[in-house]
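Working notes, beginning with the structure itself.
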Amino acid sequence: MPAYATPGSAGMDVRAFLDKPVTLGPLERALIPTGLYLQLPQGYECQIRPRSGLAIKHGISLVNTPGTVDCDYRGEIGVIVINLSKDPFEIKDGERICQMVITRYERVEWEAVDRIDHTERGDGAFGHSGVN
């Protein structure tokens with residue numbers, strides 16, 4: 001079962017559910033099963049996020065992060081793990097491979113308009129506010 005590591009943890013550690021270890025070579029990715037199936041209430045999602053310890057120590061991350069598990073999905077949760085290091089990495093059964101955060105979301109109703117309100121930022125994009 002997913003578990004919080006500390007009382008202040010926002011994310012629960014999720015473990016690999018494997019018949020045999022999976023070795024990822026440099027820049028290889030694989031779908032790792034977790035053995036988890038969820039039934040979330042309407043208006044909630046499950047976010048799958050990398051573990052910072054695996055990232056800094058071994059270069060292991062997730063391809064689509066955060067991954068979203070919708071409340072109406074009923075299949076097994078799989079995690080797309082990638083090895084961004086120069087060395088092979090072995091994932092063993094029961095190893096903590098990611099974090100899971102359960103969060104509430106809102107849905108919006110779209111409305112087409114001819115113009116939108118002006119703001120001080122305007123259309124300033126990446127780096128628009130300077131270095132500091």
Side-chain angles (χ1 to χ4, degrees):
M1 297 292 286
Y4 295 104
T6 68
S9 296
M12 295 171 264
D13 289 329
V14 174
R15 298 177 182 272
F17 187 72
L18 299 168
D19 294 329
K20 60 182 181 181
V22 172
T23 300
L24 292 176
L27 299 179
E28 285 188 331
R29 64 187 180 272
L31 180 63
I32 305 297
T34 65
L36 297 175
Y37 297 79
L38 299 178
Q39 184 171 333
L40 296 171
Q42 187 69 35
Y44 285 81
E45 68 162 327
C46 166
Q47 294 182 1
I48 303 297
R49 302 176 182 181
R51 294 191 67 241
S52 57
L54 283 178
I56 192 67
K57 293 175 186 174
H58 303 287
I60 302 302
S61 192
L62 307 183
V63 175
N64 62 325
T65 181
T68 297
V69 180
D70 296 310
C71 66
D72 56 353
Y73 177 68
R74 295 296 184 264
E76 180 179 7
I77 295 174
V79 179
I80 307 169
V81 178
I82 189 166
N83 180 357
L84 298 173
S85 78
K86 296 183 234 171
D87 303 311
F89 183 80
E90 184 178 71
I91 300 171
K92 300 175 185 78
D93 182 50
E95 185 169 358
R96 296 177 299 163
I97 57 170
C98 66
Q99 295 184 73
M100 171 189 292
V101 174
I102 307 298
T103 186
R104 187 162 180 70
Y105 66 87
E106 299 292 331
R107 291 180 55 116
V108 299
E109 296 288 329
W110 290 100
E111 179 182 337
V113 298
D114 293 326
R115 64 181 176 81
I116 57 177
D117 296 339
H118 177 75
T119 65
E120 184 178 331
R121 178 177 182 171
D123 62 359
F126 303 106
H128 79 281
S129 61
V131 178
N132 294 327

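We use all heavy atoms of the structure for the numbers below, so side chains are in, but hydrogens, waters and symmetry mates are not.
By the neighbour-count criterion of 12 heavy atoms within 6.0 Å, atom CD of Gln42 is sparsely surrounded, having that number or fewer from other residues, nucleotides or ligands. By the 6.0 Å contact criterion, CG on Asp123 is open, its count of non-hydrogen atoms from other residues, nucleotides or ligands being 12 or less.
Remark: Lys57 pairs with no residue by the side chain to side chain contact (heavy atoms under 4.5 Å, CB included) rule, at least two apart or across chains. By the side chain to side chain contact (heavy atoms under 4.5 Å, CB included) test, Tyr73 is found to be paired with Val69, residues two or more places apart in sequence or in another chain being considered. Legend: residues meeting side chain to side chain contact (heavy atoms under 4.5 Å, CB included) with Ala55, ordered by chain and number and at least two apart, are absent. Partners of Pro50 under the side chain to side chain contact (heavy atoms under 4.5 Å, CB included) rule, at least two apart in sequence or in another chain, are Ser61, Leu62, Thr65. With sequence neighbours left out, the salt bridge (Lys or Arg N to Asp or Glu O under 4.0 Å) criterion links Glu111 to no other residue.
Atom SG of residue Cys98 and atom CZ of residue Arg49 lie 11.0 Å apart, to the nearest 0.5 angstrom. Rounding to the nearest 0.5 angstrom, the gap separating the OG1 atom in Thr103 from the CD atom in Gln47 is 6.0 Å. Here Leu38 contributes atom CG and Asp70 contributes atom CG; the two are 11.5 Å apart, rounded to the nearest 0.5 Å. In this structure, Ile60 CD1 and Arg29 CZ are separated by 13.5 Å, a value rounded to the nearest 0.5 Å.
Cluster annotation: Leu40 and Tyr4 are assigned to the same hydrophobic cluster (Ile/Leu/Val/Met/Phe/Trp/Tyr, side-chain heavy-atom contacts under 4.5 Å, transitive).
Closest heavy-atom contact between Cys46 and Met100: SG-CG, 3.3 Å. Nearest heavy-atom pair across Leu18 and Asp93 is N-OD1, 2.8 Å.
Residue Val108 belongs to a hydrophobic cluster whose other members are Trp110, with links defined by side-chain heavy atoms closer than 4.5 Å. Hydrophobic cluster of Ile82: the remaining members, joined at side-chain heavy-atom separations below 4.5 Å, are Leu27, Leu31, Val63, Ile80, Leu84, listed by chain and number.
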Any chance you could lay out the side chain to side chain contact (heavy atoms under 4.5 Å, CB included) test for Val101 and Met12, step after step, and finish with the verdict? CA-CA 6 Å; Val101 174; Met12 295 171 264; over 6 Å; no

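Every pair tested for salt bridge (charged side-chain N to carboxylate O under 4.0 Å, His left out) that includes a residue from residues 72-82 fails, sequence neighbours excluded, so the list is empty. Legend: salt bridge (charged side-chain N to carboxylate O under 4.0 Å, His left out) pairs involving residues 1-17, not counting sequence neighbours, sorted by first then second residue: Asp13-Arg51, Asp13-Arg96. Sequence neighbours left out, not one pair with a member in residues 9-53 passes ring pair (Phe, Tyr, Trp, His ring centres under 6.0 Å). Pairs passing the ring pair (Phe, Tyr, Trp, His ring centres under 6.0 Å) check and including a residue from residues 87-108, sequence neighbours excluded, read His58-Phe89.
Looking at Ser85 and Asp87, their side chains never bring a donor and an acceptor atom within 3.5 Å of each other.
Contact annotation: the side chain of Glu95 never approaches that of Ile32 to less than 4.5 Å [non-hydrogen atoms, C-beta and beyond].
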May I have the list of side-chain donor-acceptor pairs in residues 19-26 shorter than 3.5 Å, sequence neighbours left out?
none

